[in-house]
Participant: 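Below is the structure I would like to discuss, written out as structure tokens.
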Amino acid sequence: MKQLKTLLIAAVLFFGTTQFVNAQAKSAHIDVSELMTKMPAYLDAQKQLEKLSQTYDADFKIMVDEYQARLKKYEQEAETVSAKINEERAKEVQDMEKRIREFRETAQKELQTKEGDLMKPIEEKIKAAIQKVGKAKGFQYVFNAAGLLLADGPDLTPDVKKELGF
């Protein structure tokens, strides 16, 4: 009888421990920034953003060069023209400064919008691939390795790269 009790207690402890181990969540990690920076779609998006940025920079430089040339000319001629002309020129210079500021702000906003438009589908594709690979491998949680202090679990980066086709 005593052996039966001991066996019963051992069985309960064994099955209880097994259930506890099975109840623990499985987790893995992935380096999303490494994954993203190596994606062909991301590299193409970066090229598009760089090209657009260069276009805005060139336009901005033209505006600033024109502003500086006009300002220099007006300063040189300031003593030889009437006060009324100087006032008109000062207003023109202020308008140019305003247009340059507005252009810079608009360009920055458009670049941010374009970046969001280009990156959103890439981020969604990565998220879907991570979810698919994580579920296929039986993980309940997949953490971004960028913020982890200890990443001792499985790294899904190679599997997700394979899922994304690179």
Side-chain angles (χ1 to χ4, degrees), residues 11-74 91-166:
V12 168
L13 287 175
F14 174 75
F15 287 115
T17 304
T18 304
Q19 290 300 323
F20 175 73
V21 169
N22 287 338
Q24 288 183 347
K26 288 178 61 180
S27 62
H29 65 275
I30 186 167
D31 190 344
V32 176
S33 62
E34 174 195 340
L35 182 69
M36 185 178 277
T37 57
K38 293 185 178 167
M39 279 185 73
Y42 176 82
L43 298 173
D44 290 342
Q46 287 300 104
K47 287 177 186 174
Q48 288 180 38
L49 290 171
E50 182 64 30
K51 186 176 179 181
L52 183 59
S53 178
Q54 288 172 350
T55 301
Y56 285 138
D57 288 345
D59 292 346
F60 182 75
K61 184 180 180 334
I62 289 170
M63 291 175 78
V64 169
D65 288 347
E66 181 183 337
Y67 166 78
Q68 289 174 341
R70 194 164 294 177
L71 188 62
K72 184 177 179 180
K73 178 183 175 193
Y74 291 170
K91 185 178 180 336
E92 182 181 339
V93 167
Q94 288 173 348
D95 289 344
M96 288 180 77
E97 289 172 351
K98 182 181 176 189
R99 282 196 313 271
I100 290 171
R101 268 193 311 276
E102 288 172 351
F103 176 81
R104 184 177 58 219
E105 291 170 6
T106 302
Q108 288 173 343
K109 287 178 185 175
E110 288 178 6
L111 275 171
Q112 288 173 346
T113 301
K114 182 72 170 176
E115 182 178 22
D117 293 346
L118 291 172
M119 293 301 156
K120 186 175 180 178
I122 294 169
E123 291 167 355
E124 289 172 353
K125 187 174 183 180
I126 288 173
K127 183 179 177 182
I130 291 169
Q131 288 175 340
K132 183 176 180 182
V133 170
K135 285 181 182 179
K137 296 208 173 250
F139 294 105
Q140 287 85 20
Y141 299 100
V142 178
F143 297 98
N144 188 358
L148 295 177
L149 298 177
L150 173 66
D152 202 20
D155 183 4
L156 295 181
T157 306
D159 297 321
V160 174
K161 281 183 180 178
K162 189 184 298 181
E163 174 66 27
L164 290 169
F166 69 97

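Because the structure is a prediction, the values reported are computed rather than measured. Values below: all heavy atoms of this structure, side chains included; hydrogens, waters and symmetry mates excluded.
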Participant: Would K161 count as a cation-pi partner of F166, with NZ or CZ less than 6.0 Å from the six-membered ring centre and within 45° of the ring normal?
Facilitator: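 No, K161 does not sit over the ring of F166.
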Participant: Rounded to the nearest 0.5 Å, what's the gap from CG on D159 to NZ on K137? Could you check?
Facilitator: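 D159 CG to K137 NZ: 4.0 Å, rounded to 0.5 Å.
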Participant: Rounded at 0.5 Å granularity, tell me how far OG1 in T106 sits from CZ in R104.
Facilitator: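 Here the interatomic distance stands at 11.0 Å.
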Participant: Output the distance between atom CD (Q48) and atom CG (D117), rounded to the nearest 0.5 Å.
Facilitator: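 It comes to 10.5 Å.
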Participant: Compare all side-chain heavy atoms of I130 with those of V32 and state whether any distance is below 4.5 angstrom.
Facilitator: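 Yes - at least one pair of side-chain heavy atoms lies under 4.5 Å apart.
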Participant: When you compare the side chain of V160 with that of V142, does any pair of heavy atoms fall below 4.5 Å?
Facilitator: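 No, side chains not in contact.
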Participant: Between E66 and R70 (salt bridge meaning N to carboxylate O under 4.0 Å), is one present in this structure?
Facilitator: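 Salt bridge between E66 and R70, a charged N being under 4.0 Å from a carboxylate O: yes.
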Participant: Find the distance between CD (E123) and CE (M39) and round it off to the nearest 0.5 Å.
Facilitator: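 Going from CD on E123 over to CE on M39, the span is 10.5 Å.
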Participant: Against K61, only a single residue in D57, V64, D65 fulfils side chain to side chain contact (heavy atoms under 4.5 Å, CB included); can you say which?
Facilitator: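 Exactly one candidate clears the test, D65.
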Participant: What's the separation between atom CG in L156 and atom NZ in K132, rounded to the nearest 0.5 Å?
Facilitator: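 Taking CG in L156 and NZ in K132, the distance rounds to 14.0 Å.
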Participant: Can you label the angle between the F103 ring and the F60 ring as parallel, tilted or perpendicular, going by 30° and 60°?
Facilitator: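 The arrangement is parallel - the two ring planes meet at less than 30°.
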Participant: Output yes when a side-chain donor or acceptor of T37 lies under 3.5 Å from a complementary backbone atom of S33, and no otherwise.
Facilitator: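 Indeed, once roles are kept as given, a pair shorter than 3.5 Å links the two residues.
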Participant: For the pair V133 and I30, evaluate side chain to side chain contact (heavy atoms under 4.5 Å, CB included) and give the outcome as yes or no after the intermediate values.
Facilitator: CA-CA 11 Å; V133 170; I30 186 167; over 6 Å; no
Participant: As an exercise, state the distance from OH of Y42 to CD1 of I126, rounded to the nearest 0.5 Å.
Facilitator: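 If we round to the nearest 0.5 Å, Y42:OH and I126:CD1 are 9.5 Å apart.
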Participant: Can you give me the closest heavy-atom contact between F143 and S27, atom names plus distance?
Facilitator: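 Of all heavy-atom pairs spanning F143 and S27, the closest is CE1-CB, 3.6 Å.
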Participant: Looking at H29 and P154, would you say the former's side chain and the latter's main chain have a donor-acceptor pair under 3.5 Å?
Facilitator: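 Yes; at least one donor-acceptor contact below 3.5 Å.
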Participant: Hey, is NZ on K125 packed in by over 12 heavy atoms from elsewhere, all under 6.0 Å?
Facilitator: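 Count not over threshold, so no.
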Participant: Taking C-beta and beyond as the side chain, do L49 and M119 meet within less than 4.5 Å on heavy atoms?
Facilitator: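 Yes, their side chains come closer than 4.5 Å.
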Participant: Is it true that R99 and D95 have a side-chain N and a carboxylate O under 4.0 angstrom from each other?
Facilitator: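 No, R99 and D95 are not salt-bridged.
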